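Side chains are part of it too, since the values below use all heavy atoms of this structure and drop only hydrogens, waters and symmetry mates. Just so you know, these numbers come straight off a predicted model, no measurement behind them.
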Amino acid sequence: MFKKSDAVTVSLGMFKDTGYRCPAADAMKARGYRPQSRQQRNREVLEHFAFGPFMKTPGAPLHDGLRQWTAHANSAYKDAFPVDPSRPMTEVPAWTYRHQLSTPDHRGVREYRITVWGRCLRSPDGTVRELRLPVNRISEVDPYQGHVAAAALATAEGVPGPLPEHVRIVEFALLDGRTRTLFEGTREQAVERYRRYGGPEALSAVLDGREYRPGPSCVGCAYLSVCPTLRRAPGLLGLEASGRPRRTWSVTNGRSYRACPARDHMRRLHLPASQTIERSSSAERGRAVHAYLAARHGSGRPCTMDIPARWIPDGFELPEQESRLGALLLRHHAAVCPLRFVHDRNDVRAEPRVVRHDSLGDVLVIAEPDLLYRDGDSWVWRETKTSAGGWSRRQGLLDRYPQLALAVLLVSRGDLGGSLSRARIELEVLRPAGADLEIIDPCVPSVRAAAEETVRGLVADWHSDDHYAPAPGDACTRCEVARWCSARSDGKEAA
C-alpha cells in the first residue's frame, strides 16, 4: 500500500499543534510513507496559499483580494525591517538541518531532517543568521516552545552555508509590522535551546502521531483515499460534477459566498479580518455563551441557573451590559439543557467536528454542531442561538439557519449512526424573555426535500466558481475583509 523512506523530514509547521493539522498524516509524510498509487487532483485556477506571493513562491494567478493583501504585506515588511547599512543582511535559500546515523535507530531511520520555512537571511561573512517567520498578527499567547526550539536548531545547524556564530529567530506581523523575538543567542545556545526546551519531545510527538484528525487539511492529503477515520458521504451535497478541484465546504462558507463570492474566498485565505466587525460586542457575547456551554457540556454536568459572577471564559472581554445579558441567557438555558436527561458522558459530544467526504463532488463537508447527545439509541443534534431581542419565525427555519438543513441531511441518512427512531434536530434560541426550543424531524419527506433545496442552493454556484468575483453593495460596510477588496462600494477601508 505504501512506499517508505529511511529518512525523516519534518517541516517547522509540523511542530505547531494548532488543532487543524492531522497528526497521523504529518507522521506518515515525515517518515516518508507514500501511497504506491496517487490520484491526480485538479488544481485551483487561483492561488490558494495566502503567504505564497509574499514569499515569492511561484504559483497560480492571484485574486484581487490576495493581490491587495500581498502589496500591504510587502510594505509592512519593509517598514518592520528597514535596511541598516551597519548590519547588512542578505536573503539566502532556506536551511535544512540534517542528522545522519551510522545504523538505523528504533524507528528504522538513518537520517533526520528539519526544514525551515520563512525569510532566511545571513550576514556577508556568514557569522550571523536570522530567520523571519511571517504571521498575520502577533498572538497574545506564548509561542509553541517545540516550534521555537526546532527553528533555533535548524537555523543554527542547517545547510547550506557556513555555520553561524549568532542566531536570531523573529516573528513579524504582516498586518501591522509588529515583531516578536522568539530566540537570540549563539549557535551553541540555539542547540541547547532545542535540547532543553522541548525539541526532542516535539519531534517525537510528530513522528509518533497516531491520531487521525479529519478537517481542512484533508484537501491536500495524499492519504485521503485510505484514511480509516474519514467518513464517506457520496451525494450529500447533491453534486454530481467531476473534474473539479477538491475543496472544503461549511455552512459558514455557503452563507459567506451567497453574500459575496470574493468575501468567501478571502475568508478561506485567512486574510486578516476587521476586528471591529468580526469581534463586535454582541458577536463576542454569543461566542462567550457558546464557549461556556461547551465547557459545561464537555464536563458532562447539566447546566443550572446558578451562573457564576465571573462566568466569562478566558480569552473573552465583554462590556458589563453584554456580560449581564449573557448570564441571563445562560440561566434560561438551564430549563432546556439536555444533559438533565443524559447520565453517561459517553453519550455527549460538545462542539464535535463532523467531517464527511462527498466523493461525487470531491468536497470535504465540515460541520461543528453545538452539541450532539444520545436519546436512547438515537443521536440528537442541538444548535443554540442567542438573541438580544424577541424570537420570530418570519421565514422557514432551514433557510434562516442553513446549518439545520445540513443537519437534516446528515441525520436522515443515518450518517451519525444509531437508530433513527428518536433522532432529531433541535434549535434552541436563548433570548431575554426565555428559551425557545424548536424540534425538526429529519425523517419527514417534506423536511428533507426542503433541506436538500437549501443546501444545494448554497453549493451549486460555488462549486463551479473558479474566480470569486466581488458583489459590491450595501453589505460591503459590514464585510470584515472589505479592506482587501478594491471593488468595495463604500470606497473606504474597513477599520
Flag if over 12 foreign heavy atoms under 6.0 Å of OH, Tyr20: no

Pro143 vs Arg180 side-chain heavy atoms within contact, under 4.5 Å: yes

Separation of His463 NE2 from Arg244 CZ (nearest 0.5 Å): 6.0 Å

Any side-chain donor near an acceptor of the partner, Arg107 and Tyr112, under 3.5 Å: yes

Trp484 ring center near His72 ring center (under 6.0 Å): yes

Short N-O contact, Arg258 and Asp264, less than 4.0 angstrom: no

Gln321 atom CD: more than 12 heavy-atom contacts under 6.0 Å: no

Donor-acceptor under 3.5 Å (Arg231 side chain, Asp415 main chain): yes

Selection residues 280-307 - residue pairs positive for salt bridge (Lys or Arg N to Asp or Glu O under 4.0 Å), sequence neighbours left out: Arg279-Glu284, Glu284-Arg287, Arg285-Glu322

Trace of the side chain to side chain donor-acceptor pair (under 3.5 Å) decision for Glu426 with Tyr373: CA-CA 11 Å; Glu426 298 177 340; Tyr373 70 96; 2.9 Å; yes

Residues Glu428 and His333: side-chain donor-acceptor under 3.5 angstrom: yes

Exceeds 12 heavy-atom contacts within 6.0 angstrom, atom CD of Glu317: no

Approximate separation, where rounding is to 0.5 Å, of Leu318 CG and Ser323 OG: 6.0 Å

Within 45° cone of Tyr197 ring axis and under 6.0 Å: Arg193 NZ or CZ: yes

No-hydrogen, no-angle side-chain donor-acceptor test under 3.5 Å, Ser378 and Asp375: no

Rounded distance (nearest 0.5 Å) linking atom CG of Leu133 with atom OG1 of Thr179: 12.0 Å

Heavy-atom neighbours of Arg43 CZ exceed 12 at 6.0 Å: no

Gap separating the CZ atom of Arg21 from the NZ atom of Lys29, nearest 0.5 angstrom: 7.5 Å

Salt bridge Asp362-Arg246, side-chain N to carboxylate O under 4.0 Å: yes

Glu320 CD to Arg324 CZ distance, which is reported to the nearest 0.5 Å: 5.0 Å

Aromatic plane relationship, His265 with Tyr468 - under 30° parallel, 30 to 60° tilted, over 60° perpendicular: parallel

Ion pair Glu201/Arg195, N-O distance below 4.0 Å: no

From CD1 (Ile277) to OG1 (Thr477), nearest 0.5 Å: 7.5 Å

Any donor-acceptor N or O pair under 3.5 Å, side chains Arg268, Thr248: yes

Ring-face cation contact, Trp462 with Arg247, 6.0 Å cut, 45° max: yes

Within residues 446-455 or reaching into it, pairs that qualify as side chain to side chain donor-acceptor pair (under 3.5 Å) - sequence neighbours excluded: Asp399-Thr454, Ser412-Arg448, Arg448-Glu452

Donor-acceptor pair between Tyr257 and Asp461 side chains, under 3.5 angstrom: no

More than 12 heavy atoms from other groups under 6.0 Å of CG on Asp344: yes

Ion pair Arg178/Glu171, N-O distance below 4.0 Å: no

